Structure formats: structure tokens, C-alpha cells
There are 2 protein chains.
Amino acid sequence: MTTTDAPVRLLLADDHPVVRAGLRAVLETEPDFTIAADVPTAEAAVDLAGRLEVDVVLMDLQFGGRMLGVQATAEITARPGAPRVLVLTTYDSDADILAAIEAGATGYLLKDAPPEELAAAVRTAAAGKSALAPTIALRLMDRMRTPATALSRRETEVLQLVADGLSNAKISKQLFLSQATVKSHLVHIYAKLGVDSRTSAVAAATARGLIRR
Amino acid sequence: MTTTDAPVRLLLADDHPVVRAGLRAVLETEPDFTIAADVPTAEAAVDLAGRLEVDVVLMDLQFGGRMLGVQATAEITARPGAPRVLVLTTYDSDADILAAIEAGATGYLLKDAPPEELAAAVRTAAAGKSALAPTIALRLMDRMRTPATALSRRETEVLQLVADGLSNAKISKQLFLSQATVKSHLVHIYAKLGVDSRTSAVAAATARGLIRR
DNA sequence: CCCGGCATCAATCAAAAGGTGGAGCGGCGG
DNA sequence: CCGCCGCTCCACCTTTTGATTGATGCCGGG
């Protein structure tokens with residue numbers, strides 16, 4: 001589709017004008033990069049990613065407080081001949097990283113990355129290879145190595161509702177479970193996180209980026 | 001000290017290279033702005049704010065995950081003939097805003113602000129007037145108007161520890177209180193937030209930006 | 001094919017948290 | 001000066017949560 005030596009065509013998607021300007025400034029200095037467009041919404045990113053011929057989309061995860069980046073990533077990568085999507089966000093939460101990768105992201109970077117790292121990641125992504133920030137890579141390794149810290153899908157789901165302030169009764173109704181099951185999940189969650197109460201579980205999980213907040 | 005029509009000299013302090021580049025790009029287009037320097041740490045900001053002759057410091061609150069911006073702001077504004085400090089951050093939490101203002105910040109902006117708003121705020125700050133983002137101003141008004149949502153200092157303190165996952169027993173020890181007092185505070189907190197459990201209190205307070213994280 | 005992890009549910013007891021009502025003290029402003 | 005509010009504490013009772021033990025069905029890998 002695109003030869004490796006041709007300029008890399010970029011689409012920037014971030015709701016912060018300052019960040020878009022910053023990315024432009026940082027990436028425009030690279031002679032082999034061309035910035036096709038920058039957009040402030042996830043919808044515009046999905047739209048332009050299809051209509052413009054771009055190689056890499058730099059995608060933020062949060063748009064105006066909402067987490068629309070993941071859906072946008074999924075929609076973009078679902079199409080045939082889709083560009084690579086490089087997720088660029090402020091937070092390094094396990095949940096976000098996994099979600100982004102599952103949605104088809106080629107890489108995951110943090111916004112505090114130095115310009116060189118950013119440019120390198122874009123080139124890596126353009127070449128179709130996976131680009132993970134060192135911090136992220138470490139976290140994933142950690143997660144693999146100690147599966148104890150990794151909560152199961154269902155457990156994460158329950159814990160998220162706990163973090164939202166729901167009681168066991170409410171959670172059981174919301175998930176169509178018995179309270180016994182909710183309690184059971186919580187026992188396992190506490191064991192994995194090394195805590196003994198719902199509030200400390202939420203605190204620990206938030207600190208480790210296991211749940212959203 | 002500085003005549004009002006002279007160029008406004010700026011110092012940018014933010015740990016994200018991309019944001020610094022973005023701010024440069026956005027503010028350099030204003031003919032009456034001069035960017036004296038940009039720094040990636042709070043320490044450097046304090047240092048240069050004293051040695052360079054700048055009019056306004058654009059200060060981030062988070063530096064590498066730490067909240068050093070408030071201290072830096074306090075140190076800068078404490079000196080005689082200090083420049084104005086304009087806090088520019090991602091989050092709009094009540095606690096952060098109040099802390100920044102108490103530390104002597106002249107204004108408080110969100111990073112998702114459009115460039116014009118940013119430039120306007122810088123001019124306002126340079127003129128010595130207070131510059132608050134509309135969202136922030138609204139929040140503060142709200143806080144004033146409905147003191148019900150405003151937690152007292154002590155209540156906020158207790159709730160923060162709850163959010164950190166501590167039990168009532170731990171909280172009472174940490175704050176040198178009886179458990180009765182902690183419970184009493186919690187009852188008031190629940191009433192003010194319209195909730196009935198610690199987890200939902202944390203959720204509500206986090207959503208309203210009453211507590212950190 | 002069988003084991004282990006995941007998800008589901010039950011029963012019971014102990015502990016923590018929440019609800020209610022009351023009370024004393026110190027500061028600040030009308 | 002007095003009342004209000006924030007902060008502190010007590011006692012009693014109810015509800016929720018946590019701890020323990022145990023059981024069932026499903027699914028996927030060795």
C-alpha cells in the first residue's frame with residue numbers, strides 16, 4: 001500500500017488544541033512526516049481516517065472527558081486497508097492499555113514521551129510493528145509475570161461498580177447475580193490485591209491502573 | 001516594574017515536551033508575547049522565575065505524577081516583585097483550584113482551552129487581574145452558592161483518607177480522633193453529598209472534584 | 001480425559017460501617 | 001453577648017460487609 005521510504009502521512013486526533021499544536025510542532029520537524037490533518041473529536045478521526053489516505057493515526061483516548069478513543073480505534077482498524085493507530089494518552093492504566101490493544105491499536109504511548117521517542121514510535125507503527133512506551137512495556141511484563149495482580153474480566157467489572165459506589169445488592173442486580181456471587185468475586189479481588197475492604201481495593205486498583213476513574 | 005504596553009515575557013513550566021511545544025506554538029503567534037524559557041520541572045521554574053525577568057509563569061500542577069506545581073507557585077509568588085503565576089492544568093478539581101489560588105496563583109486554566117482564551121488569560125494575568133476559565137469560574141460560583149456541596153476542611157481530610165482505602169479505625173488513629181468523630185464526620189459528608197456509603201461518597205466526591213486523584 | 005481456573009451460588013458467623021440522638025467546646029460575626 | 005457552625009465525643013441499634021467453607025457447571029490446555 002505504502003512504500004516504506006515514502007513520507008509517513010499522519011492524522012492527529014486530540015481534543016486539546018495545545019496538544020495538537022504541540023504534536024504538529026514536534027512531528028513537523030521530521031522531514032519524512034507529513035501531517036494530513038488534525039481533529040478535535042473522535043468522530044472526525046474516524047471520518048478522516050477513511051477519507052484521507054493516512055498511514056498512522058495518533059489517537060488520544062479521552063475526548064472531552066469521555067473515553068471515545070477506544071471505539072474510534074476499533075472502527076478505524078476494522079476497515080480493510082486501515083491505517084495504523086497509535087494511542088497517545090496521559091494515563092497508563094492497565095484497563096486502558098488492554099482495551100486499546102484489543103481495539104486494534106498498533107502502539108501505546110504516554111504524552112510525557114520525549115519527541116524522539118514519539119517520532120521513533122510513529123516510524124515503528126508506520127512499518128506495521130508494535131510500538132509500546134517503555135513504561136507500558138514494563139507494566140505489561142509485570143502483568144504477565146505476576147498474574148496474581150491481574151483481575152479477571154468479571155472481577156474487574158465488579159470492582160468497577162464498587163468504585164462507582166454501588167452496594168453489593170445494587171451490583172448483584174446490575175449484573176444479574178446473587179449477592180453471594182458478588183461477595184465471592186470480592187473475596188478473590190481482595191486476595192489478589194492484598195487488601196481487605198472495598199475502599200482499599202478501589203484505592204489499590206486505581207493506583208495500579210486496573211480500573212478507570 | 002513592567003509597563004503595560006511592553007511585550008509580555010513568559011515562562012512555561014510543564015513536564016510534557018509536547019505540551020511545551022504546543023504552548024510555544026500557540027503563544028508565539030501572539031506578537032506581544034515573548035517566551036523567555038520553557039522548563040520541564042517545578043524546581044527549574046522556581047529558579048528561572050527568580051533569575052529571568054518574566055511577567056507571567058504558565059505553571060502545570062502535575063510534574064511526573066507529583067503535585068509540585070502548588071509548592072512552586074507558592075515559592076514564586078512569595079518573593080517580592082514576583083511574576084504572576086497562571087496555573088494551567090488538565091483537571092478541574094475543587095481541591096486543586098483552591099490550593100492553587102491559596103498558593104498565590106493569579107489564574108486557573110484548563111489545558112483544553114482554545115488558544116484565544118489562553119492568550120486572553122495571559123494578558124489578563126499580566127495586567128495583574130484574576131483569570132479563571134469559564135468552567136472554573138462556574139464551579140467556584142457553584143461552590144459558593146451551594147455550601148451544602150462544600151465539605152469542610154476536616155471533612156475533606158477524612159474523605160481523602162477514606163478514598164485512600166483506610167478504615168475508620170485507621171483514620172481515627174491517623175488524625176488522632178475517636179472513631180465516633182470519624183463516623184460523625186462521615187455522616188455529615190454523606191448528607192452533603194447525598195449518598196449513604198463510603199464508596200459512593202468517594203465516587204461522588206471524585207466526580208465533583210472535591211478530592212484528589 | 002482430567003485438572004485448574006473462572007463463574008456461579010449457599011449458609012453462617014464476626015466485624016465494620018451506617019443511623020439516630022444527644023452533648024460539650026471554641027471561634028467568629030451579627 | 002449570643003447564636004451558629006465546625007469539631008469533638010458517647011451510646012445504642014441496624015445493616016452491610018467480610019471471612020470461611022463448601023458445592024456446581026463450564027471451558028480450555030496439558
Side-chain angles (χ1 to χ4, degrees), chain A residues 94-95 98 102 143-206 210-211, chain B residues 94-95 98 102 143-206 210-211:
Chain A
D94 270 31
L98 269 298
E102 277 175 25
R143 192 191 160 91
M144 301 305 197
R145 203 179 317 114
T146 55
T149 31
L151 300 181
S152 74
R153 179 173 300 266
R154 198 57 157 172
E155 285 162 357
T156 307
E157 203 171 352
V158 169
L159 187 53
Q160 182 63 57
L161 292 178
V162 170
D164 291 343
L166 302 200
S167 67
N168 290 349
K170 295 268 185 65
I171 295 174
S172 68
K173 277 173 199 158
Q174 180 127 2
L175 298 180
F176 303 106
L177 295 176
S178 76
Q179 291 200 37
T181 305
V182 175
K183 283 185 156 198
S184 179
H185 283 308
L186 285 177
V187 166
H188 296 145
I189 292 169
Y190 298 160
K192 287 182 179 177
L193 296 181
V195 298
D196 57 359
S197 78
R198 52 218 283 112
T199 41
S200 50
V202 170
T206 305
L210 266 40
I211 53 174
Chain B
D94 270 30
L98 269 297
E102 277 174 27
R143 191 191 162 91
M144 301 305 195
R145 200 178 319 114
T146 54
T149 28
L151 300 181
S152 74
R153 180 174 300 264
R154 199 56 158 172
E155 285 162 356
T156 307
E157 203 172 350
V158 169
L159 188 52
Q160 182 63 57
L161 292 179
V162 170
D164 291 343
L166 302 199
S167 66
N168 290 349
K170 295 267 184 64
I171 295 173
S172 68
K173 278 174 198 158
Q174 180 125 0
L175 298 180
F176 304 104
L177 295 176
S178 78
Q179 291 200 35
T181 306
V182 175
K183 283 185 160 198
S184 179
H185 283 308
L186 285 176
V187 167
H188 296 145
I189 292 169
Y190 298 161
K192 286 182 179 177
L193 297 180
V195 298
D196 58 359
S197 78
R198 38 179 63 243
T199 42
S200 50
V202 170
T206 305
L210 267 39
I211 53 175

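Within every chain, numbering begins at 1; the chains are lettered A, B, ... in the order of the sequence lines, protein sequences first and strands thereafter. Since we're looking at a predicted model, the values are computed, not measured.
- The interatomic distance linking A/L166 (CG) with D/dT16 (C1') rounds to 14 Å, in whole Å.
- The line from CG of A/L159 to CD1 of A/I211 is 4.5 Å long, rounded to the nearest 0.5 Å.
- Of the candidates D/dT8, D/dC10, C/dT8, C/dT8 carries the atom nearest the A/L177 side chain, counting heavy atoms from C-beta on.
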Nucleic acid footprint by protein, nucleotides 18-30 of chain D - heavy-atom cut-off 4.0 Å, B for base, S for sugar-phosphate alone: BBB----------

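- Taken from CD1 in A/I171 to CG in A/L177, the straight-line distance is 9.5 Å, to the nearest 0.5 Å.
- Put simply, A/H188 has no side-chain N or O that comes within less than 4.0 Å of OP1 or OP2 on C/dC6.
- With values rounded to the nearest 0.5 angstrom, B/L186 atom CG is found 5.0 Å from B/I189 atom CD1.
- For the helix from C/dC1-D/dG30 to C/dG30-D/dC1, the axis fitted to the five pairs at one end and the axis fitted to the five pairs at the other end meet at an angle of 40° (nearest 10 degrees).
- In this structure, NE2 on A/H188 lies 12.0 Å from CG on A/L151, to the nearest 0.5 angstrom.
- When each of C/dA17, C/dA10, D/dC7 is scored by its nearest atom to the side-chain atoms of B/S167, the top-ranked nucleotide is C/dA17.
- Atom OG of B/S200 and atom NZ of A/K170 lie 8.0 Å apart (nearest 0.5 Å).
- The main-chain N or O of B/V202 is found under 3.5 Å from a side-chain atom of B/T206 such that the two form a donor-acceptor pair.
- For the pair B/L193 CG and C/dG18 P, the computed distance is 13 Å after rounding to whole Å.
- Protein atom CZ of B/R154 is 15 Å distant from nucleotide atom C1' of C/dC25, rounded to whole Å.
- Nearest to the side-chain atoms of B/E155 among the listed nucleotides D/dC7, D/dC9, C/dT8 stands D/dC7.
- With hydrogens and angles left out, the side-chain atoms of A/T181 and A/S178 include a donor and acceptor closer than 3.5 Å.
- Remark: C1' of D/dC5 and CG of B/L151 are 15 Å apart, rounded to the nearest angstrom.
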Using side chain to side chain contact (heavy atoms under 4.5 Å, CB included), reason through A/H185 and A/L175 one step at a time and then give a plain yes or no. CA-CA 12 Å; A/H185 283 308; A/L175 298 180; over 6 Å; no

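- One atom, CG of A/L159, and another, P of C/dC6, lie 15 Å apart when rounded to the nearest Å.
- Closest to the side chain of A/R153, from the set D/dC7, C/dA10, C/dA7, is C/dA7.
- Among the protein residues, A/T181 comes within range of the nucleic acid bases, having at least one heavy atom under 4.0 Å from a base atom.
- The distance between atom CD1 of A/I171 and atom P of D/dT17, rounded to the nearest whole Å, is 8 Å.
- Following rounding to the nearest Å, B/H185 (NE2) and D/dG6 (P) show an atom-to-atom distance of 11 Å.
- For the atom pair OG of A/S167 and CD of A/Q179, the computed distance is 7.0 Å after rounding to the nearest 0.5 Å.
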